[in-house]
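Written out below as structure tokens is the structure these notes cover.
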Amino acid sequence: MSTTGQELLIAGTCEPGFEGVRAEFEQNFLSRREIGASVCVQVRGRAVVDLWGGIADPQTGKTWDRDTVSVVFCTTKSAVSACVHLLSGRGLLDIDRPVVEYWPEFGCNGKMEVTVFDVLAHRSGVSAIRAPLSEGLALDPVAMADLIAAEAPFFPPGMQHGYAGMTFAYILDALIRRTDGRSLGRYFAEELAGPLGLDFWIGAPAAVESRIAPMLLPEVDLFRVARLLLAADPESVPGLFFGNTGGYMSTGPRNFDSAQAHAAEVPAGGGITNARGLAGLHAPLANPDVDHNGVRFDSAAVARLSTAHSAGFDHGLGINSRWGLGFALACDNRWRAQRPQRLSLLIGAQAFANSGLGGSAAMADPERGLSFGYTCNRMAVSPTVSTRCQELLDATYRALGATSSASGAWR
């Protein structure tokens with residue numbers, strides 16, 4: 001039985017050999033309190049798992065259907081990073097150059113030497129915003145960019161790393177605007193989502209609103225727990241990340257679940273899609289040097305994405321992490337003594353991913369031509385990949401012949 005007491009209904013397709021993924025997807029509903037969700041696995045661009053099920057809206061009883069979408073929070077960073085790497089591959093943006101060469105205003109308060117590379121590797125030092133954000137300001141990327149440009153780094157740029165949950169994508173959005181002329185949402189729609197045929201939006205049209213599953217908070221105060229897990233100091237990077245969002249990460253009228261937020265281009269976490277959209281976005285990254293209807297990523301560039309450029313203690317998350325360029329890499333913290341510090345990401349050694357506070361995640365593994373996506377509406381109390389998602393990832397790797405993640409990455 002599902003968490004709603006209704007008969008568990010799973011729809012979609014699952015090819016022979018991937019039954020373990022379907023079994024774990026079902027188990028999420030049966031024992032891990034899933035409510036509504038989708039999972040998609042593509043190998044060499046072909047879907048071998050495309051499943052969805054459960055309830056999209058418990059208040060109305062509306063089921064989670066094939067075209068149900070939801071907010072994917074920081075998994076949106078995969079879309080933002082892919083846009084930047086696409087611009088770079090087309091010669092419009094050099095990620096090794098200082099940000100100020102494209103955005104001069106960014107250079108104040110000790111940020112002159114910060115490179116685009118530093119931003120992508122979460123080592124810019126600009127990991128949060130100190131100035132209090134007014135209600136709804138997170139929905140205005142131009143205004144947010146102005147505030148970020150005025151900020152001083154929290155640590156010496158390039159010397160340490162700290163997950164830039166709020167600022168990362170606004171910085172990259174500003175760079176896209178200054179190099180291409182289009183906003184992030186428009187660039188993504190025209191250069192990636194459109195050519196790839198993705199039901200994926202950063203700034204959803206009005207026609208999509210009726211298909212968006214509302215996000216369901218857990219019984220605990222998710223935002224308070226997240227702050228306590230990461231840092232007790234509200235002026236720290238993680239404290240500001242969760243506590244200074246202009247009402248976006250809250251239960252207020254302009255929060256992530258509002259129609260106004262859905263329609264806005266919120267690069268930090270406002271992407272709206274399903275598992276199929278996430279897996280489809282990562283397919284060109286998992287299969288470089290292949291033309292995907294005009295979308296192509298060079299294998300040498302993709303190799304830089306899956307190389308650790310930042311590793312060790314993360315001043316934004318308060319745990320150990322490893323980062324490539326715009327994506328998280330496999331990181332095994334299971335051996336650590338305290339539970340909050342044991343949060344891990346177990347994927348392939350050459351794989352790279354992003355995850356969202358709500359529980360969604362997406363991954364590309366070029367070694368296997370594998371792309372993966374997972375979305376849900378019951379939010380997880382974890383700033384990294386949730387247990388529900390990790391079980392699906394584990395089953396996917398087992399289906400492809402991987403035997404153990406004891407080394408910290410699936411092999």
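Numbers here simply count residues along the sequence, with the first being 1. Fair warning: this is a prediction, and the values are worked out from it, not measured in the lab.
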Checklist entry - Can you check side-chain hydrogen bond (donor to acceptor under 3.5 Å, both in side chains) on Ser127 and His161, steps first, answer last? => result CA-CA 9 Å; Ser127 298; His161 75 282; over 6 Å; no

Item to check | Side-chain H-bond candidate by donor/acceptor type, Trp323 with Asp314, under 3.5 Å | outcome: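 Yes, Asp314 and Trp323 have a side-chain donor paired with an acceptor closer than 3.5 Å.
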
Item to check | Donor on one side chain, acceptor on other, Asp394 and Trp410, under 3.5 Å | outcome: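 Short answer, yes.
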
Checklist entry - Between Phe73 and Tyr248, what is the ring plane arrangement, given parallel below 30°, perpendicular above 60°, and tilted in between? => result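 Rings of Phe73 and Tyr248: perpendicular, over 60°.
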
Look at the side chain of [X] and the backbone N and O of [Y], then say whether any donor-acceptor pair between them is shorter than 3.5 Å.
X      : Y      : value
Ser405 : Ala409 : no
Lys77  : Ala268 : yes
Asp291 : Gly294 : yes
Asp289 : Ser299 : yes
Asn377 : Ala56  : yes
Asn109 : Ala149 : no
His315 : Gly125 : no
His85  : Val302 : no
Asn354 : Met363 : no
Ser124 : Val126 : yes

Please determine if [X] and [Y] form a salt bridge, counting it only when a charged side-chain N lies under 4.0 Å from a carboxylate O.
X      : Y      : answer
Arg123 : Asp118 : yes
Asp50  : Arg276 : yes
Arg378 : Glu34  : no

When rounded to the nearest 0.5 angstrom, what distance separates [atom1] in [X] from [atom2] in [Y]?
X      : Y      : atom1 : atom2 : value
Leu175 : Ser88  : CG    : OG    : 11.5 Å
Leu392 : Phe25  : CG    : CZ    : 7.5 Å
Ile202 : Leu184 : CD1   : CG    : 4.0 Å
Tyr187 : Glu265 : OH    : CD    : 14.0 Å
Ser78  : Leu285 : OG    : CG    : 8.0 Å

Qualifying residues under side-chain hydrogen bond (donor to acceptor under 3.5 Å, both in side chains), relative to [X], sequence neighbours excluded:
X      : answer
Glu191 : Arg90, Arg182
Thr403 : none
Ser360 : Thr75

Going by heavy atoms in the side chains, are [X] and [Y] under 4.5 Å from each other?
X      : Y      : value
Leu346 : Asp332 : yes
Glu151 : Ile129 : yes
Thr13  : Leu51  : no

Kindly give the heavy-atom pair with the smallest separation between [X] and [Y], and that separation in Å.
X      : Y      : result
Ser371 : Ala279 : OG-O, 2.9 Å
Glu135 : Gly247 : OE1-CA, 4.0 Å
Ser386 : Gly359 : OG-O, 3.9 Å

Establish, yes or no, whether a centroid distance under 6.0 Å links the rings of [X] and [Y].
X      : Y      : result
His122 : Phe168 : yes
Tyr102 : Phe106 : no
Trp201 : Phe188 : no
Phe372 : His282 : no

Listed pairs under 3.5 Å, donor-acceptor, residues 38-45 side chains, sequence neighbours left out:
from  : atom 1 : to     : atom 2 : distance (Å)
Ser38 : OG     : Ala275 : N      : 3.0
Ser38 : OG     : Thr375 : OG1    : 2.6

Item to check | side-chain contact (heavy atoms from CB on, under 4.5 Å) partners for Ala395, two or more places apart | outcome: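 If we apply the side-chain contact (heavy atoms from CB on, under 4.5 Å) test to Ala395, skipping adjacent residues, the hits are Val21, Glu24, Arg398.
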
Item to check | Atom CD of Glu19 with >12 non-hydrogen neighbours under 6.0 angstrom | outcome: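 Yes, enclosed.
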
Item to check | Within 45° cone of Phe327 ring axis and under 6.0 Å: Arg322 NZ or CZ | outcome: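 Not satisfied by the 6.0 Å and 45° rule.
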
Item to check | Partner residues of Phe117 under the ring pair (Phe, Tyr, Trp, His ring centres under 6.0 Å) criterion, sequence neighbours left out | outcome: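 If we apply the ring pair (Phe, Tyr, Trp, His ring centres under 6.0 Å) test to Phe117, skipping adjacent residues, the hits are His309.
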
Checklist entry - Only one of Thr68, Asp65, Asp199 forms a side-chain hydrogen bond (donor to acceptor under 3.5 Å, both in side chains) with Arg211, so which one is it? => result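 The residue from Thr68, Asp65, Asp199 that satisfies side-chain hydrogen bond (donor to acceptor under 3.5 Å, both in side chains) with Arg211 turns out to be Asp199.
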
